[in-house]
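Structure first, then comments.
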Amino acid sequence: MMTPLVELISAWEAYASQADKPAVADFCAQYTRKQTKKKKDKSGEGPAPDMDGLISELIGRMSGIHTIYAKMMMKEWPDIELEWFYLLNVIKYKKEARKTDIISLCMMEQSTGIDILNRMKKKSLITEKNDPADKRAKLISITDKGNELLYKSGSSLFKVSYILYHDVDEEDKQTLIRIMGQVHARSRPLLAEGRQLKLDDMLTERYGKNALTEVDIAFAKLVKEREKMLAERRKAEPIDDIIRSLYK
């Protein structure tokens, strides 16, 4: 039988082999969560309802808040578009790249990205030339004017990030980055491969033929639990307070 100390050391070795930057605080938090889950599984207690949905909603809300701040910034430069920053950033790192590659890295639709790049070209933020390896393709590079705009807009967006996340503990930031980095790394190729598929087909391909039934059952259960919770709490609490409490 494994002693508690050996179990702890083994857990650390498993964690350290997967983490980019192993940190004691991060390991302790992860280990505690796993132990709590084990206790719940043994007791028969179900998991917290719809954690997947709450994560998605929180990410969506934070994205919305970031967009609001970014639009406040954009008022300083009414003749530019927010997407220009993300495209310019990729172009600068790539130095020279095809339009399709730049657009894919920015997670945009090709037609939308090409329209935006054309507007950027008219503003002399980028230049293009024929690709020696493929005469049908164009290679995009950033101009001095593009570099200047990239720095100015990047400085303002950095202020947005500072306002939103500066007060978050450093260890928590590392944990968030690790988790979201893993999700992003797993999701990006799936999205690239499944753009032409329906969501139902993607679910079935990834989780098996019973996935759609399981998802339908889980959603019906979620709706039932949410309606029950609202019916019990709205008698004593304002609905806005109930909604806010879902994300704490």
Side-chain angles (χ1 to χ4, degrees), residues 53-129 138-181 183-185 187-188 191-192 195 238-248:
L54 285 177
I55 291 171
S56 296
E57 288 185 40
L58 279 170
I59 291 172
R61 283 170 173 262
M62 290 308 302
S63 176
I65 292 172
H66 186 277
T67 300
I68 290 171
Y69 277 118
K71 287 182 176 179
M72 290 168 59
M73 174 206 79
M74 297 301 293
K75 292 178 180 178
E76 300 175 21
W77 301 299
D79 59 337
I80 71 170
E81 303 171 35
L82 180 60
E83 290 80 6
W84 293 3
F85 167 78
Y86 303 111
L87 288 163
L88 286 171
N89 200 39
V90 168
I91 296 168
K92 182 176 178 66
Y93 278 111
K94 296 281 287 183
K95 294 186 178 179
E96 199 173 66
R98 294 180 181 181
K99 288 183 178 180
T100 52
D101 294 338
I102 295 166
I103 294 167
S104 294
L105 284 169
C106 288
M107 304 294 288
M108 294 180 181
E109 293 290 339
Q110 286 294 321
S111 58
T112 301
I114 288 173
D115 288 342
I116 296 173
L117 286 172
N118 288 337
R119 291 195 291 273
M120 292 167 64
K121 182 184 175 185
K122 289 180 180 179
K123 292 286 187 179
S124 300
L125 302 172
I126 57 174
T127 60
E128 66 175 39
K129 69 177 185 181
K138 298 288 186 181
L139 293 177
I140 304 297
S141 300
I142 192 170
T143 64
D144 290 340
K145 185 178 179 181
N147 265 314
E148 183 180 347
L149 177 61
L150 176 61
Y151 186 87
K152 288 182 178 179
S153 56
S155 175
S156 293
L157 284 172
F158 183 82
K159 294 173 185 175
V160 173
S161 299
Y162 197 94
I163 290 170
L164 291 176
Y165 304 115
H166 179 69
D167 293 333
V168 178
D169 183 79
E170 288 297 317
E171 295 290 344
D172 290 337
K173 289 179 186 177
Q174 291 179 9
T175 301
L176 279 170
I177 291 169
R178 177 180 58 78
I179 293 171
M180 297 313 300
V183 174
H184 179 267
S187 301
R188 184 180 176 82
L191 179 60
R195 278 186 180 274
I239 187 65
D240 287 3
D241 290 348
I242 297 174
I243 293 173
R244 292 190 187 98
S245 72
L246 298 176
Y247 306 104
K248 291 181 179 178

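Small disclaimer: the values here were computed from a predicted structure and weren't measured. Side chains are part of it too, since the values below use all heavy atoms of this structure and drop only hydrogens, waters and symmetry mates.
- Atom NZ of K173 sits in a crowded spot, with more than 12 heavy atoms from other residues, nucleotides or ligands closer than 6.0 Å.
- Shown here for A70 and L157, the closest heavy-atom pair between the two residues is CB-CD2, 4.0 Å.
- Rounded to the nearest 0.5 angstrom, W84 CH2 and I126 CD1 are separated by 10.0 Å.
- Crowding of D144 atom CG: a count of heavy atoms from other residues, nucleotides or ligands under 6.0 Å not exceeding 12.
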Please evaluate residues K99 and N118 with respect to the criterion side chain to side chain contact (heavy atoms under 4.5 Å, CB included), reporting the C-alpha separation (whole Å), side-chain torsions for both, the decisive distance (0.1 Å), and the verdict.
CA-CA 10 Å; K99 288 183 178 180; N118 288 337; 3.6 Å; yes

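- Residue S153 holds its OG atom at 9.0 Å from OH of Y86, rounded to the nearest 0.5 Å.
- For K138, the NZ atom counts as densely surrounded, since its 6.0 Å shell holds more than 12 non-hydrogen atoms of other residues, nucleotides or ligands.
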Residues K123, I80; criterion side chain to side chain contact (heavy atoms under 4.5 Å, CB included); working and verdict
CA-CA 9 Å; K123 292 286 187 179; I80 71 170; over 6 Å; no

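- Between the CD atom in E57 and the CD1 atom in I55 there is a gap of 11.0 Å [rounded to 0.5 Å].
- Rounded to the nearest 0.5 angstrom, L149 CG and L125 CG are separated by 5.5 Å.
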Could you walk me through whether Y151 and K92 pass the side chain to side chain contact (heavy atoms under 4.5 Å, CB included) test, one step at a time?
CA-CA 11 Å; Y151 186 87; K92 182 176 178 66; over 6 Å; no

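- When all heavy atoms of L87 and C106 are compared, the closest pair comes out as CD2-SG, 3.7 Å.
- Salt bridge status for K145 with E148: absent, with no side-chain N to carboxylate O gap under 4.0 Å.
- Remark: L88 CG to I102 CD1 distance equals 9.5 Å, nearest 0.5 Å.
- Here the closest non-hydrogen pair linking L150 and I142 is CD2-CD1, 4.2 Å.
- Of the possible donor and acceptor atoms, one in the side chain of T67 sits under 3.5 Å from a partner among the backbone N and O of S63.
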Applying side chain to side chain contact (heavy atoms under 4.5 Å, CB included), run through V160 and H66 and close with a yes or a no.
CA-CA 7 Å; V160 173; H66 186 277; 3.7 Å; yes

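- The side chain to side chain contact (heavy atoms under 4.5 Å, CB included) search around T100 returns R98, Q110, not counting sequence neighbours.
- To the nearest 0.5 Å, the span separating CG on D167 from CG on D172 amounts to 12.0 Å.
- By the 4.5 Å heavy-atom criterion applied to side chains, M120 and E83 are not counted as neighbours.
- Between H166 and Y162, the two ring planes are parallel [angle under 30°; tilted spans 30° to 60°].
- Taking the side chain as every heavy atom from C-beta outward, L117 and K121 never approach each other to under 4.5 Å.
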